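Before any comments, here is the structure.
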Amino acid sequence: MSDERTPAWLSPDQLEDTLRIGLPADTAAGFTSVKVALTVSVAQMGVARALSTLHKVNQAKGFDCPGCAWPEEATQHPFAEFCENGAKAVALEATLNRVTAAFFAQHSVEALTQQSDHWLSQQGRLTQPMYLASGASHYAPISWDDAFAMIAQELTAMSSPNEAVFYTSGRTSNEAAFLYQLFVRMLGTNNLPDCSNMCHESSGYAMRDTIGSGKGTVSLRDFASSDCIVVIGQNPGTNHPRMLRTLQEAARRGCNIVSINPLMEAGLKRFRNPAELTGLLGRATQIATHHVPVKINGDVALLKGVQKVLIEEHASSIDRAFIRDHTEGFAAFCADMKAESWDAITASSGISQAQIREIAAIFAQSKAMIVCWAMGLTQHKNAVANIQEIINLLLLGGHFGRAGAGACPVRGHSNVQGDRSMGINERPSAEFLRHLGDEFNFTPPQEHGFSTVEAIEAMHAGNVKVFFAMGGNFLSATPDTQYTAAALNACALTVQVSTNLNRSHLITGSRALILPCLGRTERDMQRSGAQFVCVENSMGVVHLSEGALEPASEHLLSETAIVTRLAHATLGVDWSGYADNYDSIRERIARVVPGFESLNARVRQTNGFELAHAVRDHREFRTPSAKAQFTVHPITPLEVPHGHFVLTTIRTHDQFNTTIYAMTDRYRGIHNGRRVVLMNTSDMREQGLNARDAVDIVSHFRGEQRRARNFRIVPYEIPRGCVAAYFPETNVLVPIESVADGSLTPTSKSIIVSLHRAVGR
Ligand SMILES: Nc1nc2c(c(=O)[nH]1)N[C@H]1C(S)=C(S)[C@@H](COP(=O)(O)OP(=O)(O)OC[C@H]3O[C@@H](n4cnc5c(=O)[nH]c(N)nc54)[C@H](O)[C@@H]3O)O[C@H]1N2
Ligand SMILES: Nc1nc2c(c(=O)[nH]1)N[C@H]1C(S)=C(S)[C@@H](COP(=O)(O)OP(=O)(O)OC[C@H]3O[C@@H](n4cnc5c(=O)[nH]c(N)nc54)[C@H](O)[C@@H]3O)O[C@H]1N2
Ligand SMILES: [Mo]
């Protein structure tokens with residue numbers, strides 16, 4: 001791909017001269033996190049609104065934090081369920097900043113496109129529906145009725161319903177998600193890609209085939225009785241800060257906590273609990289008892305090494321009775337582990353035999369082990385193998401359906417798991433479609449729809465007329481930004497249901513609509529009175545969420561109302577009863593989705609209810625043979641030419657996915673700049689690079705090159721041959737065709753790159 005054509009908004013001509021490089025933090029949270037949270041909240045909301053809003057986060061009577069999906073504790077204290085990054089997520093939604101019609105009259109789309117993601121993120125809440133006509137330079141106001149009529153007209157003019165794509169991000173409530181997928185299937189397509197395709201798809205895919213369920217098998221209470229918690233490919237201090245409190249309690253009772261990560265993240269070193277006075281002032285708690293600095297994409301090798309030691313040297317740690325009664329494939333698995341070569345294991349993982357033995361010895365002692373993971377494992381070509389090796393490891397010790405033990409994929413968006421339960425899925429099960437069709441008297445389409453990457457490819461090929469997004473920031477979150485921009489440009493109409501301004505409003509189809517909606521924090525007043533919604537957290541607890549703030553504008557509609565009016569305009573159905581009273585939606589959900597029976601009653605209980613889980617509750621594996629499956633995976637080292645590196649793309653402490661709160665990554669010591677490459681000092685020497693040197697990053701895939709310009713080198717403790725940089729700036733480097741086997745997740749955590757001195761600027 002020619003770098004000459006890269007637009008400036010994608011790859012700026014300027015270097016960040018303000019960048020300041022300090023030392024990485026050795027402790028997470030503490031007083032600074034409280035100070036930062038309050039400063040950000042007050043800056044966005046003012047003092048009174050900040051205090052009253054933060055008070056309601058994750059309380060039994062309040063709203064679900066729009067940040068991460070980590071569960072709330074059952075016993076709640078005012079302010080205790082609050083964390084620095086949750087506060088930032090709340091502040092961006094409850095902000096007093098407004099993007100009005102006057103704002104769009106003042107700024108052309110072209111001018112907005114030249115602004116940074118940080119600037120766009122700071123502009124605030126959208127206030128009324130806006131329309132960008134074909135060839136127009138500016139968005140103009142449009143009425144809700146005209147907007148729905150326009151979408152309906154475009155949808156009904158298509159020659160096939162498969163010419164429309166309906167994306168979902170993971171903040172959408174269960175009620176809105178359920179109606180949305182129903183509408184899409186009544187229209188006649190399963191084109192329901194979601195953020196999950198880029199997130200934990202690999203986890204669900206890996207677990208369904210091996211343990212018969214795509215959901216995690218632990219509850220929060222299991223963390224209280226586990227004797228070994230592994231945190232692999234996850235940065236909880238930044239992305240799930242409330243998890244640090246759970247880890248702190250475990251650390252205090254002597255639980256082993258093993259961090260497996262190319263980076264030693266601050267949150268896994270030490271933690272000062274802001275909810276404890278001693279945490280603010282006194283000594284911090286050490287979190288990880290062991291740290292394994294695995295090479296990027298070295299996890300299959302590492303996990304195989306550990307299991308080889310367990311099988312060959314710790315035979316007594318293997319739960320033979322469990323394996324005999326509940327699993328298949330053990331003999332082939334053992335044979336493969338015994339045959340695996342130590343050279344391959346140590347070369348690919350970058351970890352010595354001695355350290356692998358040390359970790360194996362800890363696992364061997366464990367009677368109740370939990371493995372937590374996130375994007376460090378799911379966004380690789382062999383991501384499904386990564387996760388199936390975790391399942392193998394847990395099967396070896398019988399760590400399923402036992403207190404204190406199990407698999408814990410830590411979800412990202414606060415309701416991404418609920419959206420999937422509600423049927424947001426481009427590959428729905430036949431059983432789900434049957435229930436849905438029976439309840440609503442129609443024949444849902446059976447043919448599978450497009451995942452996120454498939455949708456982009458179809459748009460790019462000119463096969464999609466309408467792209468509709470229920471939340472999210474599709475352009476910036478997806479891979480291969482320039483390719484995706486061309487894909488969106490090829491649509492006739494793109495529609496974004498959003499709370500805040502983002503880049504997907506600027507890179508559009510021939511025509512574009514912005515439909516502004518209520519956020520979690522806001523009062524949702526409908527004909528029958530104030531409504532609440534429900535969500536499902538990462539551990540299968542379903543609970544209600546009710547906002548209290550005055551909506552950001554009188555023109556906002558709830559996501560649910562938007563779906564009902566869209567369905568009316570397009571299909572002629574009268575769904576006003578659903579919009580008037582969300583209980584009527586929950587009644588339908590209860591009849592369609594197994595596990596959600598009596599939803600209206602159970603969701604009103606304090607703290608909601610926990611969904612049943614066959615593996616967790618009964619050691620029941622719902623695979624075709626009713627046995628859990630051991631799986632065999634070869635070590636497949638990435639081909640990295642001499643002088644090239646493996647790049648992983650990660651989040652800073654000051655962003656929520658594509659929303660940039662500030663230009664800082666405090667825990668990693670990086671300030672006032674985001675275009676940085678974290679690099680090992682020995683590699684820097686070998687490349688003749690110094691701290692702050694300016695480089696372009698070039699990715700290499702099947703003979704194609706993609707370039708991201710003007711990054712600065714930051715010396716960092718990272719394994720040799722590995723580099724790290726932030727997303728979304730680096731998405732331009734992720735090839736659209738580079739996806740995980742099976743799950744089709746973009747390989748954003750292992751990109752082959754070379755670094756080149758930035759010249760001529
Ligand atoms: N404040 C905040 N909270 C968030 C988000 C946010 O952006 N901001 N995003 C939300 C979402 S949608 C999600 S999915 C989660 C994401 O949560 P995380 O998965 O924690 O997010 P990443 O920054 O992608 O971090 C990946 C971690 O994996 C490590 N890693 C990278 N490559 C490898 C590898 O090859 N092997 C191993 N073992 N480790 C590796 C990185 O060093 C990093 O610590 O957080 C959610 N919560
Ligand atoms: N290179 C690289 N790329 C990645 C990742 C990575 O680690 N590396 N991570 C991937 C992952 S894990 C994920 S989940 C995706 C994230 O992909 P998305 O979910 O598409 O992106 P977000 O940045 O979370 O979306 C933010 C936008 O959502 C809108 N929004 C916020 N709240 C609401 C709401 O309540 N309702 C509605 N309708 N809109 C709302 C706001 O307008 C905001 O601008 O990115 C993926 N992309
Ligand atoms: Mo995610």
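Every number for a ligand or one of its atoms is a count from 1 in the order of the listing. Nothing here was measured: the structure is a model prediction, and the numbers come from that model.
- Of all atoms in ligand 1, numbered sequentially from 1 with element shown, those under 4.0 Å from a heavy atom of Cys68 are 47 (N).
- Ionic pairing of Arg242 and Glu84 is not present here: no N-O contact between side-chain nitrogen and carboxylate oxygen is shorter than 4.0 angstrom.
- Between Phe727 and Ser476, the shortest heavy-atom distance links the atoms CE1-O, 4.4 Å.
- Protein neighbours of ligand 2 below 4.0 Å, counting non-hydrogen atoms: Tyr167, Ser169, Arg171, Cys195, Met198, Cys199, Met375, Gln379, His413, Gly471, Gly472, Asn473, Ala477, Val497, Ser498, Thr499, Asn500, Asn502, Cys517, Glu559, Thr649, Arg651, Phe656, Asn657, Thr658, Phe727, Asn731, Ser748, Lys749.
- In this pair, Tyr167 and Phe474 present their aromatic rings perpendicular. The plane angle is above 60°, beyond the 30 to 60° band.
- Ion pairing between a basic and an acidic side chain is recognised when a charged N comes within 4.0 Å of a carboxylate O; Arg420 and Glu426 show such pairing.
- Annotation for ligand 1: atoms under 4.0 Å from non-hydrogen atoms of Ile296 are 35 (O).
- Heavy-atom contacts of Ile232 reach the following atoms of ligand 1: 38 (N) (cutoff under 4.0 Å).
- If you look at Asp299 next to ligand 1, the close heavy atoms, those under 4.0 Å, all belong to the side chain.
- Of the candidates Phe450, Phe468, Phe467, Phe468 is the only one forming a ring-ring contact (aromatic ring centres under 6.0 Å, His included) with Phe166.
- Of the heavy atoms in His380, only side-chain atoms (C-beta onward) come closer than 4.0 Å to ligand 1.
- Counted by atom type alone, Gln234 and Glu265 present zero donor-acceptor pairs between their side chains at under 3.5 Å.
- Side-chain polar atoms of Asp665 and Thr652 form no donor-acceptor pair below 3.5 angstrom.
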Set out, in order, the CA-CA distance, both residues' side-chain angles and the distance that settles ring-ring contact (aromatic ring centres under 6.0 Å, His included) for Phe656 and His413, then state yes or no. CA-CA 9 Å; Phe656 193 96; His413 269 301; 5.4 Å; yes

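- Taking a cut-off of under 4.0 Å to the non-hydrogen atoms of Thr238, the atoms of ligand 1 that pass are 1 (N), 2 (C), 3 (N).
- Below 4.0 Å from some heavy atom of His240 lie the following atoms of ligand 1, by number and element: 15 (C), 17 (O), 45 (O), 46 (C).
- Centroid-to-centroid, the aromatic rings of Tyr205 and His200 stay 6.0 Å apart or farther.
- At a threshold of 4.0 Å, the pair Arg520-Glu559 does not count as salt-bridged, since none of the basic side-chain nitrogens sits closer than that to a carboxylate oxygen.
- Of all the atoms in ligand 1, the ones that sit under 4.0 Å from a non-hydrogen atom of Asn85 are 1 (N).
- For ligand 1, the atoms lying closer than 4.0 Å to a non-hydrogen atom of Ile260 are 38 (N).
- When only interatomic distances are considered, the shortest N/O to N/O separation between Tyr661 and ligand 1 does not fall below 3.5 Å.
- Annotation: ring-ring contact (aromatic ring centres under 6.0 Å, His included) contacts of Tyr726 (sequence neighbours excluded): none.
- Near Asn297, with a cut-off below 4.0 Å to any heavy atom, the atoms of ligand 1 are 34 (C), 35 (O).
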